[in-house]
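All values below come from the heavy atoms of this structure, side chains included, with hydrogens, waters and symmetry mates left out. These numbers come from a predicted model, not from an experiment. Protein chains get the first letters and strands the later ones, always in sequence-line order, with residue 1 at the start of each.
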Number of protein chains: 2
Amino acid sequence: MVDWDDVRYFLAAAREGSVRAAAKRLGVNHATVLRRIAQLEERLGAQMFEKLPSGYRLTAAGEEVLEFAHQMEASSHLLETRVFGRDESVRGLLRVTLAPPLAAHLLMPDFADFARLHPDIEMDILSSGELANLTNREADVAIRVVYDRKTLPPNLHGLKGPEVFGGVYIARDRLAAWRAGAPDPIRWIVISSHGIPDWASAGEVGAAGVPFRTTDAEAQIVAVRQGLGMTTLPCFVGDADPLLARVPGADLHMYGTLWLLTQGETRKTKRVRLFTEFVSRRLAAYAPLLAGLSISRD
Amino acid sequence: MVDWDDVRYFLAAAREGSVRAAAKRLGVNHATVLRRIAQLEERLGAQMFEKLPSGYRLTAAGEEVLEFAHQMEASSHLLETRVFGRDESVRGLLRVTLAPPLAAHLLMPDFADFARLHPDIEMDILSSGELANLTNREADVAIRVVYDRKTLPPNLHGLKGPEVFGGVYIARDRLAAWRAGAPDPIRWIVISSHGIPDWASAGEVGAAGVPFRTTDAEAQIVAVRQGLGMTTLPCFVGDADPLLARVPGADLHMYGTLWLLTQGETRKTKRVRLFTEFVSRRLAAYAPLLAGLSISRD
DNA sequence: CATCGGTGGTGCGAAAACGATCCGGATGGA
DNA sequence: TCCATCCGGATCGTTTTCGCACCACCGATG
């Protein structure tokens with residue numbers, strides 16, 4: 001008899017394209033994936049993959065099997081969401097996925113409040129950066145900034161939040177030094193994968209020199225605080241930071257609209273309802289900050 | 001993450017209504033089913049069953065889960081049949097040789113199952129009695145009862161199966177009549193070429209009169225059913241026959257060990273591997289019956 | 001040409017799952 | 001009533017599985 005769980009390993013390997021990547025995603029050792037796939041191939045009596053030096057590639061047989069593996073996965077997800085949706089108790093696990101800056105600079109205190117308010121809810125904040133998939137039951141609630149509503153997955157239920165604006169920021173003392181006539185060039189600080197948004201202009205302060213690149217948002221913010229230059233930041237980050245100031249003359253720009261996303265059955269759960277309503281209220285209170293209206297321009 | 005294979009155990013328990021029956025069907029220990037279901041319930045965070053003294057009954061949550069478990073099973077079946085149907089090398093002839101009683105009284109339903117599972121395999125059951133020679137390519141697979149392992153041909157690849165025991169049997173109503181004091185002598189029924197095995201004693205029932213001889217095993221069994229006397233039979237024949245009973249006081253005796261024998265090149269072919277693995281699993285499930293443990297001694 | 005990060009594959013010791021076995025209790029007949 | 005036969009559950013060695021540390025190999029990169 002085929003071990004159904006082997007199909008899960010097969011599916012991961014088929015998605016990731018290599019045994020090691022699949023193992024990383026599954027949170028197990030790559031040798032385990034290797035063995036489970038070998039076992040599945042043995043029990044099915046057919047090769048699912050071509051074992052290339054560059055990784056695993058599906059054979060024709062594997063392609064056909066993949067279709068039914070997806071079916072099994074879909075049923076498995078339905079099974080889990082169904083039983084989760086039945087759970088009306090406040091106790092239990094609640095997994096929230098959101099962008100790291102939202103967690104670190106805005107909502108973490110509110111999450112803490114919520115956790116104190118409901119000690120029986122085990123909270124799991126997934127802000128590693130990857131978009132957790134609600135349909136795959138990797139999270140129960142997603143908080144995302146969406147620019148075009150049409151890009152929202154149609155199977156998710158969305159609760160609309162405030163709009164998010166961003167601006168161009170620089171360290172306060174750096175700005176003062178520039179006004180005092182300091183000659184050092186002011187550089188653009190950008191996240192490597194992003195580049196300089198086309199809407200960002202340097203305002204009255206001219207940017208010069210080569211860009212300074214960081215890999216993540218936190219390093220970017222620290223770099224700006226150090227006075228290396230200026231960068232684009234969401235207003236709720238820049239305006240809330242006492243060490244930063246907006247670059248005069250630089251315009252704000254709408255990043256998008258915040259959405260609280262929930263999925264199918266889990267939406268009915270009491271703890272999901274409690275959480276979304278709680279966060280929705282807090283977000284409404286943050287609306288001016290998010291829109292960049294919390295400070296007067298200078 | 002939920003272990004998909006746990007769903008398989010859940011499904012079996014839901015179908016059978018008890019952990020032990022599910023374990024029997026799955027061919028595992030009942031403690032295993034117990035653990036897997038407990039694990040599934042823990043990971044889903046909900047009870048699937050009411051644990052009644054009379055067995056497991058599905059809860060409302062379990063009923064809902066059952067539907068998707070069925071979906072997973074259906075996908076799993078499709079997955080397996082697809083990969084089997086895809087495998088061109090499964091087509092072809094498969095010749096199996098085994099002793100007639102094994103075919104007639106034990107394995108024929110399993111052969112039928114295998115044939116239904118693999119409609120493209122043309123099966124040839126050689127149970128005429130003569131020992132087909134694997135080395136001479138008269139058969140692809142041999143199922144034999146071997147007493148001394150050293151008598152196995154060294155060039156054959158053997159897959160060891162359960163041990164086979166035999167006992168002394170008599171018709172139930174004949175036994176009852178004897179207990180009631182019927183004066184008719186109880187005769188030994190033997191196959192002409194065999195005689196009475198030296199390990200066979202009449203137990204509490206004394207044997208009298210001349211032996212009754214038959215030429216083949218089927219006639220021997222029919223004769224015993226008619227109440228002519230008692231005879232030695234493999235337990236999987238005698239215990240499975242509702243008209244027969246063991247002679248009280250007569251001991252069991254080991255006939256030997258079942259072996260699944262394959263030869264050289266044919267062993268590598270898919271249909272041979274499929275068949276041997278299939279039969280091996282079935283044989284493992286028959287182990288208690290073959291060992292004479294399927295009924296309590298009387 | 002050396003290095004470095006990626007791949008699949010392989011032994012070995014630790015850890016988890018398993019099977020065998022026993023137990024207490026419910027249940028249905030003799 | 002007593003006994004046999006189910007049931008779920010707990011315990012205890014044993015087997016299987018897993019994670020870890022390696023290895024060889026390939027390709028890109030400096």
Checking [X] side chain against [Y] main chain: does a donor-acceptor pair fall under 3.5 Å?
X       : Y       : value
T59(A)  : Q47(A)  : yes
T257(B) : E163(B) : no
E41(A)  : F49(A)  : yes
S127(A) : A103(A) : no

Do Y169(B) and D241(B) meet the criterion of a side-chain donor-acceptor pair at a distance under 3.5 Å?
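D241(B) and Y169(B) do not have a side-chain donor-acceptor pair below 3.5 Å.
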Show your working on ring-ring contact (aromatic ring centres under 6.0 Å, His included) between F111(B) and F275(B) and close with a plain yes or no.
CA-CA 9 Å; F111(B) 292 166; F275(B) 182 79; 5.7 Å; yes
Of the residues in residues 4-20 of chain B, which ones touch DNA chain D at a heavy-atom distance under 4.0 Å?
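Result for residues 4-20 of chain B: S18(B), V19(B), R20(B), sorted by number.
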State whether the distance check finds a donor on one side and an acceptor on the other, under 3.5 Å, for side chain R35(B) versus base dG9(D).
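Under the 3.5 Å cut-off, the side chain and the base do not form any donor-acceptor pair.
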Polar side-chain contact H30(A)-dG9(C) base: donor and acceptor under 3.5 Å:
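Per atom types, the contact qualifies.
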Whole angstroms only, please: what is the [atom1]-[atom2] distance between [X] and [N]?
X       : N       : atom1 : atom2 : result
K24(A)  : dG6(C)  : NZ    : C1'   : 12 Å
I37(B)  : dG9(D)  : CD1   : P     : 10 Å
R57(A)  : dG6(C)  : CZ    : P     : 18 Å
E50(B)  : dA26(C) : CD    : C1'   : 17 Å
K51(B)  : dA10(D) : NZ    : P     : 11 Å
L52(A)  : dC26(D) : CG    : P     : 13 Å
L293(B) : dA20(C) : CG    : P     : 12 Å
D3(B)   : dA16(C) : CG    : P     : 15 Å

Ignoring backbone atoms, establish whether [X] has a side-chain N or O less than 4.0 Å from OP1 or OP2 of [N].
X      : N       : value
Y56(A) : dG6(C)  : no
S54(A) : dT7(C)  : no
R36(B) : dC18(C) : yes

What nucleotide among dC18(D), dG8(C), dA20(C) has an atom nearest to a side-chain atom of L34(A)?
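In terms of side-chain proximity for L34(A), the closest of dC18(D), dG8(C), dA20(C) is dG8(C).
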Within a reach of under 6.0 Å around CZ of R43(B), are more than 12 heavy atoms found that belong to other residues, nucleotides or ligands?
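Atom CZ in R43(B) is crowded, with more than 12 foreign heavy atoms closer than 6.0 Å.
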Contact nearer the 5' end of DNA chain C, comparing A31(B) with Q39(B):
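That would be Q39(B).
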